[in-house]
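Chain A is the first sequence line, chain B the second, and so forth, proteins listed ahead of strands; every chain is numbered from 1. Just so it is clear, the structure is predicted and the values come from calculations on it, not from any experiment.
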Amino acid sequence: MLMKSHKAIVLSLMLILMLLLAACGSNSDKSPDTESNSSSVSLAADTADSTKDDVSDTPAAEQQPDPANQSKPLVELTVSAAASLTDALKELEMNYEQQNPNIELTFNFGASGALQKQIEQGAPADLFLSASPKNMNALVDQSLIEADHHADLLANKLVAVVPADSSAAIDAMDDLGPKDLYRIAIGIPESVPAGQYAQEALTKANLWGTLKSDIVQGKDVRQVLQYVETGNADVGFVYKTDALSSTKSKVAFEVDPASYSPIVYPAGVVASTKHAEEAEALYTYLQTDEAIAIFEKYGFSVPN
Amino acid sequence: MPFSIDWTALWPPIRLSLQVTFLSSLIVIALGTAAAWRLSRSKRKGRIVIETLFMLPLVLPPTVVGFILLVLLGRRSTVGRFIEWLFGAPVVFTWWAAVIATFVVAFPLVYQAMRAGFDSVDPELEAAARASGASEWQVLRYISLPLASRSLVTAYILGFARGLGEFGATLMIAGNIPGRTQTVPTAIYVAVDAGHNSMAWAWTISMIVFSFLMLLIARKRY
């Protein structure tokens, strides 16, 4: 028993030690982000305060470079957006907030299905950017999205990614069969649009039936990518945009667009928004050439 | 469709959850008890550090634990390669991965409960047993464990309950393969996400029933 318990302790210790080491790593990864977030919030609050003071103390508005923008109170807009839009929207956020100092953008990234649920349950979102028309249409049908303020904003492509150092001969759909050759990861088809498109493409290639029972279903596209990046999945189906953002994985092939429904990202103003004017302004901005150019930089395209 | 229950899809996650939780609860009660016994008798300086390390999985978010395990046991790591060499298949995305995740998150609870149990045993009783020539194993088997049996039950139930509800770490390293690695909490998550509310309810009720029965059995004994 003495030996046994000794071993048990050493084993558990090793595990815990490794946990600790890795925990430190992930913490330091995270902290700058949260810090910059909170500081930007407080900064924004400061400007709002000082603008108020300025207005009441100095009625002479000529000191202000752009009184129309400066005197407006700070408005916080919450954008519920599909996870695959994360990087592009972060860049757009900087541009937009610079041009509109009275707007503070907050993002709620997640799977489109989950975001739809949240809005149905009354989550305080102002704008919804979905990775699938299905989720948008469901909300429009329930009058939760303004009928005259939604449109197809962007298009995306489905690609197969493999780990960056992979030497597997995967160049086309047909290389994925037979069963047990590769570990494949896709998003959960019922709730992750990318998974649904992957299922369509695999079905079209007559592979879904045989491979189905071995496919790992990630809860969102990022998890699929993570499985591939860590080498735990040999191949994963993600959007072209996600593949471009990853350095630890590479595109093996682009899936034939004819084998799945067009990937369209609709945008819509949430009907219950308390800032309709600002939300509509943002909605319009997202369709400008300037915004589209940023989206294209991240691999998106304009829908046909 | 969203309001119907697919009975054939209902059972596999429940069976898998029970299988995973049962196995991992046995491992965790054995190792947790061993560690608690060893450390409760130790006067070494490093004890407090080790105990703090043991507690970490309790305070870390399960997804963090899961991600660490994914990297540690993944196919790129030495441990992962060793396992693949040993069993001929990677452990990630198998139900064994779920057992490991469940074990790691349940360990702190079991350890803490057993530690408290052993601490409540009068050291003089153990000293008397040793003086009468009992080995350490005999002291544990015939003196300490019986006296701490109440804690043993508590520890087991805590470990089992935590394991049954484990989601974040499990989803990360066992993945979500319906019929293979999809446990009840994962199935509920997916069902809610996909709008299959009646399925989500059916699984939720099954979880409540099992948890209720377990607590009932535990209370009946004492």
Side-chain angles (χ1 to χ4, degrees), chain A residues 1-23 25-27 30 110-114 116-117 120 135 138 163 165 180 183 185-192 196 212-220 223-224 226-227 229-234 248, chain B residues 30-39 42 50 52-57 60 64-65 67-77 79-80 90 92-93 100 103-104 107-108 111 135-138 140-141 171-182 186 189-196:
Chain A
M1 187 58 205
L2 209 75
M3 261 311 285
K4 258 189 185 166
S5 65
H6 208 102
K7 250 189 191 165
I9 290 174
V10 170
L11 268 176
S12 332
L13 229 180
M14 270 168 50
L15 191 76
I16 300 287
L17 240 170
M18 290 186 277
L19 279 178
L20 183 75
L21 282 176
S26 76
N27 269 349
K30 248 186 170 172
S112 302
Q116 178 202 334
K117 276 267 142 52
E120 279 172 2
N135 307 105
D165 56 0
D180 286 339
R183 174 65 83 190
I186 68 171
I188 299 168
E190 284 92 357
S191 61
V192 185
Q196 186 192 320
K212 183 171 85 178
S213 60
D214 287 319
I215 289 177
V216 184
Q217 302 185 355
K219 70 177 167 64
D220 50 42
Q223 191 166 42
V224 172
Q226 196 177 57
Y227 286 151
E229 285 175 342
T230 54
N232 288 300
D234 302 307
K248 291 181 198 138
Chain B
L31 293 185
T33 305
W37 166 253
R38 192 75 180 78
L39 282 181
S42 168
I50 296 174
T52 311
L53 289 176
F54 279 173
M55 285 302 121
L56 265 185
L60 288 175
V64 171
V65 175
F67 181 63
I68 294 164
L69 287 175
L70 183 68
V71 173
L72 276 184
L73 304 174
R75 302 178 76 175
R76 292 281 166 77
S77 72
V79 185
V92 174
F93 303 146
I100 295 172
F103 167 79
V104 172
F107 186 83
Y111 174 80
S135 69
E136 282 303 298
W137 165 244
Q138 285 170 321
L140 176 68
R141 173 69 185 80
L171 180 64
M172 204 70 113
I173 65 163
N176 168 38
I177 308 179
R180 286 237 204 132
T181 66
Q182 192 183 67
T186 315
Y189 176 86
V190 173
V192 170
D193 231 24
H196 299 155

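Interface residue A:Ile215: only backbone heavy atoms are found under 4.5 Å from chain B. Only the side chain of B:Tyr189 comes within contact range of chain A, with heavy atoms under 4.5 Å apart. For A:Glu229, the part sitting under 4.5 Å from any heavy atom of chain B is the backbone (N, CA, C, O) and nothing else. Heavy atoms closer than 4.5 Å to chain B are found nowhere in A:Asn135, neither backbone nor side chain.
The distance from atom OG1 of A:Thr230 to atom CG of B:Leu73, rounded to the nearest 0.5 Å, is 11.5 Å. Atom CG of residue B:Asn176 and atom CD1 of residue A:Ile186 lie 10.0 Å apart, to the nearest 0.5 angstrom.
Of all non-hydrogen atoms in A:Pro163 and B:Arg76, the two that sit nearest each other are CB-NH2, 3.1 Å. Annotation for A:Arg183 and B:Ile177: closest pair NH1-CD1, 3.7 Å, computed over non-hydrogen atoms. Nearest approach of A:Asn232 to B:Arg75, heavy atoms of both residues: OD1-N, 3.0 Å.
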* To do: Starting from the C-alpha separation in whole Å, work towards a yes-or-no answer on side chain to side chain contact (heavy atoms under 4.5 Å, CB included) for A:Gln217 and B:Val190.
  => CA-CA 10 Å; A:Gln217 302 185 355; B:Val190 173; 5.7 Å; no
* **Verdict with reasoning, B:Leu70 to A:Tyr227, per side chain to side chain contact (heavy atoms under 4.5 Å, CB included)** => CA-CA 9 Å; B:Leu70 183 68; A:Tyr227 286 151; 4.2 Å; yes
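With chain B as partner, the option from A:Ala233, A:Gly218, A:Ser213 having the largest number of non-hydrogen pairs under 4.5 angstrom is A:Ser213.
Side-chain contact between A:Asp214 and B:Phe93 is absent, with no heavy atoms from C-beta onward closer than 4.5 Å. The shortest distance between side-chain heavy atoms of A:Gln223 and B:Leu171 falls below 4.5 Å.
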